[in-house]
Amino acid sequence: GYSTAYLNDSTSSHVMTTFNWNIDSNHKFTATVKSTGNYDGFVSNRRNSVRIYNVFTPSNVTCNGKAMTYDKLYYDDYNGEGYYYDGKDMSVTVNCPANNALQSLTITMQFEQDWAT
């Protein structure tokens with residue numbers, strides 16, 4: 001919003017969402033998304049999507065352990081669950097099912113190659 005109320009450290013005036021990610025030596029991307037706080041009108045059941053660039057097509061994608069389906073026709077369909085690869089900009093987009101934003105969401109993608117191999 002257009003307020004500095006979040007500066008007063010009250011968790012009843014805003015929601016802060018964190019996104020922590022890592023790619024390990026086995027080419028596994030793991031991201032954790034979680035929101036804290038609250039405000040009038042906050043809808044906690046929401047969908048999350050992530051897009052990462054300069055990667056190859058993943059061999060496995062999950063949202064909270066649920067396997068996501070690959071669909072080459074999802075391009076920019078943020079309402080559909082699953083993932084798609086855009087070869088033009090070498091990006092993969094994952095659209096997770098709705099979940100409680102106040103609970104941790106874990107997104108994983110397993111890649112089989114990197115630029116060095």
Side-chain angles (χ1 to χ4, degrees):
Y2 298 106
S3 162
T4 58
Y6 65 93
L7 297 174
N8 71 10
D9 201 33
S10 167
T11 58
S12 65
S13 64
H14 67 282
V15 172
M16 179 179 291
T17 301
T18 58
F19 182 90
N20 297 302
W21 65 275
N22 181 50
I23 298 179
D24 68 18
S25 61
N26 293 319
H27 314 296
K28 183 177 183 179
F29 172 90
T30 303
T32 304
V33 185
K34 186 174 181 183
S35 297
T36 56
N38 200 1
Y39 60 84
D40 288 340
F42 175 66
V43 178
S44 63
N45 195 36
R46 55 185 58 209
R47 303 171 61 91
N48 285 279
S49 297
V50 62
R51 178 178 292 164
I52 59 173
Y53 292 88
N54 296 322
V55 295
F56 293 112
T57 306
S59 60
N60 185 330
V61 176
T62 66
C63 293
N64 276 347
K66 178 184 177 187
M68 293 290 99
T69 303
Y70 176 75
D71 188 333
K72 63 184 175 184
L73 302 177
Y74 267 179
Y75 188 73
D76 284 338
D77 178 14
Y78 56 88
N79 287 315
E81 292 176 13
Y83 73 100
Y84 60 89
Y85 184 77
D86 183 343
K88 181 178 177 184
D89 59 12
M90 293 187 69
S91 69
V92 64
T93 301
V94 180
N95 296 321
C96 293
N99 77 290
N100 186 337
L102 300 175
Q103 296 176 352
S104 195
L105 166 67
T106 301
I107 303 167
T108 64
M109 290 182 248
Q110 180 63 55
F111 298 97
E112 301 304 322
Q113 300 177 9
D114 66 13
W115 288 111
T117 58

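The first residue of the sequence shown is numbered 1, and numbering continues consecutively from there.
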Problem set entry | Minimum side-chain heavy-atom gap Thr57-Glu112 below 4.5 Å | no
Problem set entry | Cys63 and Val94, any side-chain heavy atoms less than 4.5 Å apart | yes
Exercise. Is there any salt bridge (Lys or Arg N to Asp or Glu O under 4.0 Å) pair reaching into residues 102-111, and which pairs are they, with sequence neighbours excluded?
Worked result: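 Output for this query is empty, none listed.
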Contact summary for [X] and [Y], nearest pair of heavy atoms:
{"X": "Ile107", "Y": "Cys96", "answer": "CG1-SG, 3.7 Å"}
{"X": "Glu81", "Y": "Lys66", "answer": "OE1-NZ, 3.3 Å"}
{"X": "Tyr85", "Y": "Met90", "answer": "OH-CA, 3.4 Å"}
{"X": "Met68", "Y": "Asn95", "answer": "SD-O, 3.8 Å"}

Got a second to check how far [X]'s [atom1] is from [Y]'s [atom2], nearest 0.5 Å?
{"X": "Asn38", "Y": "Leu102", "atom1": "CG", "atom2": "CG", "result": "7.0 Å"}
{"X": "Leu105", "Y": "Asn99", "atom1": "CG", "atom2": "CG", "result": "5.0 Å"}
{"X": "Asn64", "Y": "Ser104", "atom1": "CG", "atom2": "OG", "result": "7.0 Å"}

Do [X] and [Y] meet the criterion of a side-chain donor-acceptor pair at a distance under 3.5 Å?
{"X": "Arg51", "Y": "Tyr84", "answer": "yes"}
{"X": "Thr108", "Y": "Thr62", "answer": "yes"}
{"X": "Gln110", "Y": "Ser59", "answer": "no"}

Which pairs would a plain distance check flag for residues 16-23, meaning a side-chain donor or acceptor within less than 3.5 Å of a matching protein atom at least two apart in sequence or in another chain?
| residue | atom | partner | partner atom | Å |
| --- | --- | --- | --- | --- |
| Thr17 | OG1 | Ser35 | OG | 2.6 |
| Thr18 | OG1 | Lys34 | O | 3.3 |

Exercise. Should Val92 and Ile52 be marked as a side chain to side chain contact (heavy atoms under 4.5 Å, CB included) after you check the CA-CA gap, both sets of side-chain angles, and the distance that decides it?
Worked result: CA-CA 6 Å; Val92 64; Ile52 59 173; 3.6 Å; yes
Problem set entry | salt bridge (charged side-chain N to carboxylate O under 4.0 Å, His left out) partners for Lys28, two or more places apart |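 Not a single residue meets the salt bridge (charged side-chain N to carboxylate O under 4.0 Å, His left out) criterion with Lys28.
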For this session: Not counting sequence neighbours, which residues clear side-chain hydrogen bond (donor to acceptor under 3.5 Å, both in side chains) with Thr32? List them please.
Result: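 Testing Thr32 for side-chain hydrogen bond (donor to acceptor under 3.5 Å, both in side chains), a comparison that skips the adjacent residues, returns none.
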For this session: Tell me, please, which residues at least two apart from Thr106 pass side-chain hydrogen bond (donor to acceptor under 3.5 Å, both in side chains).
Result: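 side-chain hydrogen bond (donor to acceptor under 3.5 Å, both in side chains) check on Thr106 returns nothing, list empty.
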For this session: Mind running ring pair (Phe, Tyr, Trp, His ring centres under 6.0 Å) on Tyr70 and Tyr83 for me, showing each step along the way?
Result: CA-CA 5 Å; Tyr70 176 75; Tyr83 73 100; 5.3 Å; yes
Exercise. With sequence neighbours left out, which residue pairs that include part of residues 19-54 fulfil the disulfide (SG to SG under 2.5 Å) condition?
Worked result: none
